[in-house]
Amino acid sequence: MTIQPQRSRVSLAALLAAVLFSVSACDNVGVEPESVASADRIFTEDGAYTSYLAKLYGSLIVSGQSGPDGAADLASLDEGFSQYTRLFWQMQELTTDAAVVAWNDNGIRELHNQSWSDANQFTSAMYYRIYFLVAQANEFLRQSTPERLDTYGVSAETRALIPGYRAEARFLRALAYWHGLDFYGDIPLVTEAFGITTEAPQQSTRAQVFAFVESELLAVTASGPEALPGVGAAEYGRADAGAAFMVLAKLYQNAIVYTGQDRSAEVVDYTSRLLDSGAYQLEADYHDLFLADNHTSPELIFSQPQDGTRTQSYGGTTFLVHAPYGGSMDPAAFGIDGGWGGFRTTSTYVDYFAAADRRPVFPGVQPAGAQFYQDGQTKLIADLGDFNQGYAVPKYQNVTSAGVPGSNATFPDTDFPMFRLGDVHLMYAEAVLRGGGGDRSRALALVNELRQRAFEGNGGDVSDGDLTLDFVLQERARELMWEGHRRTDLIRFDRFSENGVWAWKGGVPEGRTTAGYLDLFPIPASDLRANPNLTQNPGY
C-alpha cells in the first residue's frame with residue numbers, strides 16, 4: 001500500500017471526538033431537530049461550531065450520541081440497524097444481484113425480493129436518516145450567518161473558519177439530497193430558509209431537487225468565501241472540491257433518470273477534472289482499499305473514517321466486516337471477534353468474474369486461490385436462511401495490509417470508501433460511450449488500467465471492440481462490488497425491475513422481473529400521515 005503520511009485518520013477522528021450535541025429526528029421533516037440546549041447558549045461558545053460540524057460528518061458514520069448504542073439519533077428503528085452507511089448499502093446492494101441475506105428481521109428479505117411497501121422499516125429509516133442530516137445542516141447554516149455571529153460574539157479566529165465550515169455543511173446536505181432524489185424521487189426540499197416551524201413543507205419535484213443539489217455543489221466549488229478546499233486539499237475524511245466534483249459527476253451520470261436529460265458531456269468534464277488533477281492515483285493492490293489502513297490509500301476521494309475507539313457503531317464497516325462472515329471462516333484471520341453469518345452473493349453475480357480476475361480473491365480466504373469464500377459454501381442457494389448457501393464475500397477486513405489486526409476486534413479501523421478513483425475511470429468511459437465527447441482511446445486505457453490491476457497484468461486488457469455499454473455495466477459490477485453503487489447503476493441501464501433477472505429476484509430461486517414502480521422507494525407511510533402535502537410515489 002502506498003503510504004501518504006499527510007492523510008492521517010486523526011484529523012476527522014479528533015473532530016468527531018468533539019461532538020457535543022444531542023439531536024432527535026421527528027416524523028415531519030419540516031420540524032427541525034432540537035439540541036439539548038438552546039442555540040442562544042450553544043453558539044456563544046467558539047468550540048460549538050467545530051463540534052456541530054463534527055456532528056454533521058458523524059451522522060454519516062455513527063448512529064447516536066454514546067458510542068454503538070444507548071442514545072440513538074433515530075427512534076424508529078433498532079439503533080444498530082439505523083446507521084447511514086448500513087441503510088445506504090442495503091438499499092443499493094441487497095435489492096440487486098449483488099447480495100442476499102440469511103437473516104429474517106422484519107422487512108429485510110423484502111429488499112432482495114423487491115417486495116417492499118411504504119411500511120418497510122429499512123426504506124423508511126433511510127428516508128429519515130437523510131432528513132436528519134439535512135435538518136442538522138440547515139440549523140448550522142441558520143446559526144452561522146454573519147448576523148448571528150455578531151449576536152453571539154464569536155471570536156475573529158473562529159469567524160475566519162466559519163465560511164469553510166458552511167461550505168462543508170452545504171456539501172453534506174447536497175450529498176444527502178442526492179441520495180434522497182435517487183431513492184425517493186419527488187421529496188420535500190427544506191433549506192435553512194424554512195425555519196423551525198410546525199408548518200409542513202411542500203413536496204418538490206425530482207428535477208427541482210436535482211437543480212438545488214447542482215447549484216449547491218457548483219457554489220461550493222466556485223471562488224468565494226464559502227468554498228471547499230481544492231481537489232485533494234482537505235484533511236482526510238473531510239470534503240473538498242474533489243468530493244463535490246464526484247457528486248456532480250454522479251448527479252449528471254444519472255440525470256437521464258432524474259430529469260430525462262442526457263448530461264454525459266458534464267460527466268466527461270468533471271471526471272476529467274478529477275483524473276487530471278494529479279491528486280489521486282490507483283492503489284497498487286486492489287484489496288488494500290478495503291483493509292484497516294486504507295486511509296493511507298491515494299485512490300480515495302471521499303471516505304467515511306472509522307476508528308475502533310472513536311467511531312463505534314454497528315453500522316458502517318462494522319456491519320460490512322462482520323455481516324458477511326460465518327460458516328467455516330476463522331474470524332481472527334480477519335481481525336474480528338466473530339461473524340454475523342448474514343450476507344452472501346448470488347450465483348448470477350459470481351458468473352460475472354473470469355477465472356483469472358483477482359478482485360474476488362480476498363486476503364485470508366481459504367482454500368488458497370478460491371475467488372470467493374467457498375469452503376463449506378455452495379454456489380447455488382435453495383434456502384436464503386442458510387448462510388452456507390451462496391459464496392461468501394469477505395471484502396472488508398479489519399486487518400492492515402501488513403496483516404496486523406485492527407485496534408478493536410468488534411469495531412474496525414477500516415474506512416468506507418464512498419468515492420474512489422477506480423469509479424472515476426469507469427464513469428469517464430461510460431460517458432464517452434453515451435456520446436458525451438471525450439477521448440475513446442483514453443476511455444479504453446482507463447478501463448484497461450483497472451483490468452491490469454485486477455488480472456495482475458495477465459491478460460486482462462480488452463480491445464476497443466469490447467468496450468460497450470453492456471461491458472461497462474458488468475465491469476462496474478466487478479470493480480465496485482459491495483461499494484454501494486449497484487442499484488443506481490442497474491436503474492440507469494434499465495436492468496433493475498422490469499428488465500433483468502437474477503437468482504432470487506422477486507423472491508423465487510430462479511428470479512423473475514418485477515414492476516417498474518420499484519425503481520423508486522416509497523415515501524414512508526408515517527411521513528404521509530404527518531404531512532398532508534405529500535403524494536406517494538406511483539405503485540404503492
Side-chain angles (χ1 to χ4, degrees), residues 87-104 106-124 126 181-186 206 253-260 262 343-353 378-385 389-391 393 430 433-434 468-478 480-523 536-540:
L87 290 166
F88 176 79
W89 187 93
Q90 289 180 163
M91 304 273 276
Q92 287 284 64
E93 302 291 351
L94 188 53
T95 59
T96 75
D97 50 357
V100 295
V101 65
W103 310 328
N104 201 23
N106 179 30
I108 198 165
R109 293 275 182 89
E110 294 174 1
L111 297 181
H112 187 76
N113 293 347
Q114 293 196 1
S115 61
W116 54 79
S117 71
D118 62 0
N120 184 279
Q121 65 172 339
F122 297 102
T123 63
S124 296
M126 184 76 247
L181 74 91
D182 186 80
F183 287 149
Y184 304 100
D186 296 348
R206 206 176 199 183
Q253 182 183 45
N254 296 286
I256 193 67
V257 176
Y258 303 151
T259 69
D262 189 300
F343 291 93
R344 300 91 70 210
T345 195
T346 67
S347 58
T348 307
Y349 213 90
V350 170
D351 290 340
Y352 294 149
F353 292 88
T378 63
K379 180 180 177 182
L380 298 179
I381 301 171
D383 178 3
L384 287 175
Q389 295 186 28
Y391 287 165
V393 185
E430 181 183 332
L433 292 173
R434 290 189 184 274
T468 65
L469 285 172
D470 283 345
F471 173 83
V472 169
L473 178 61
Q474 281 213 6
E475 192 65 15
R476 289 186 65 79
R478 291 183 282 263
L480 301 168
M481 183 180 189
W482 284 24
E483 293 180 51
H485 302 281
R486 187 61 173 165
R487 171 192 160 275
T488 301
D489 287 347
L490 288 173
I491 289 173
R492 186 173 67 256
F493 280 81
D494 194 23
R495 307 285 177 84
F496 181 69
S497 55
E498 293 177 317
N499 301 304
V501 173
W502 52 81
W504 284 98
K505 181 182 177 182
V508 294
E510 67 276 15
R512 61 177 179 84
T513 59
T514 54
Y517 74 83
L518 295 166
D519 286 359
L520 284 175
F521 291 112
I523 304 295
Q536 183 58 279
N537 286 323
Y540 293 103

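Only this structure's heavy atoms are used, side chains among them; waters, hydrogens and symmetry mates stay out.
- Cation-pi check for R476 over Y352 is not met; the charged atom does not lie both under 6.0 angstrom from the ring centroid and within 45 degrees of its normal.
- Distance alone, capped at 3.5 Å, is enough to place a donor-acceptor pair between the Q121 side chain and the N106 backbone.
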For M126 and F88, run side chain to side chain contact (heavy atoms under 4.5 Å, CB included): C-alpha distance rounded to whole Å, both residues' side-chain angles, the deciding distance at 0.1 Å, then the answer.
-> CA-CA 7 Å; M126 184 76 247; F88 176 79; 4.1 Å; yes
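- One finds the CH2 atom of W502 at 11.5 Å from the OG1 atom of T345 (value rounded to the nearest 0.5 Å).
- The backbone N or O of E93 sits less than 3.5 Å from a side-chain atom of T96, completing a donor-acceptor pair.
- With T95 as reference, R487 is the one residue of E110, R487, K505 to meet the side chain to side chain contact (heavy atoms under 4.5 Å, CB included) rule.
- Remark: I523 CD1 to F183 CZ distance equals 12.5 Å, nearest 0.5 Å.
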Test side chain to side chain contact (heavy atoms under 4.5 Å, CB included) applied to T513 and N499, step by step = CA-CA 6 Å; T513 59; N499 301 304; over 6 Å; no
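- Looking at W482, its side chain never comes within 3.5 Å of a backbone N or O of V393 through a donor-acceptor pair.
- Looking at D489 and R492, a side-chain N of the basic residue comes within less than 4.0 Å of a carboxylate O on the acidic one, giving a salt bridge.
- Although no hydrogens or angles enter the test, the distance criterion places a donor-acceptor pair under 3.5 Å between the side chain of R512 and the main chain of G506.
- Taken from CD in Q389 to OG1 in T378, the straight-line distance is 4.5 Å, to the nearest 0.5 Å.
- D97 and T346 share no side-chain donor-acceptor pair at under 3.5 Å.
- Annotation: the span from L520 atom CG to Y184 atom OH amounts to 10.5 Å, rounded to 0.5 Å.
- Ring planes of W116 and F521: tilted class, angle from 30 to 60°.
- In this view, Y349 satisfies the side chain to side chain donor-acceptor pair (under 3.5 Å) rule with no residue, not counting sequence neighbours.
- Using a distance-only test at 3.5 Å, with no hydrogens or angles considered, no donor-acceptor pair links the side chain of R109 to the main chain of N104.
- Side-chain rings of W89 and F343 approach one another, their centers coming within less than 6.0 Å.
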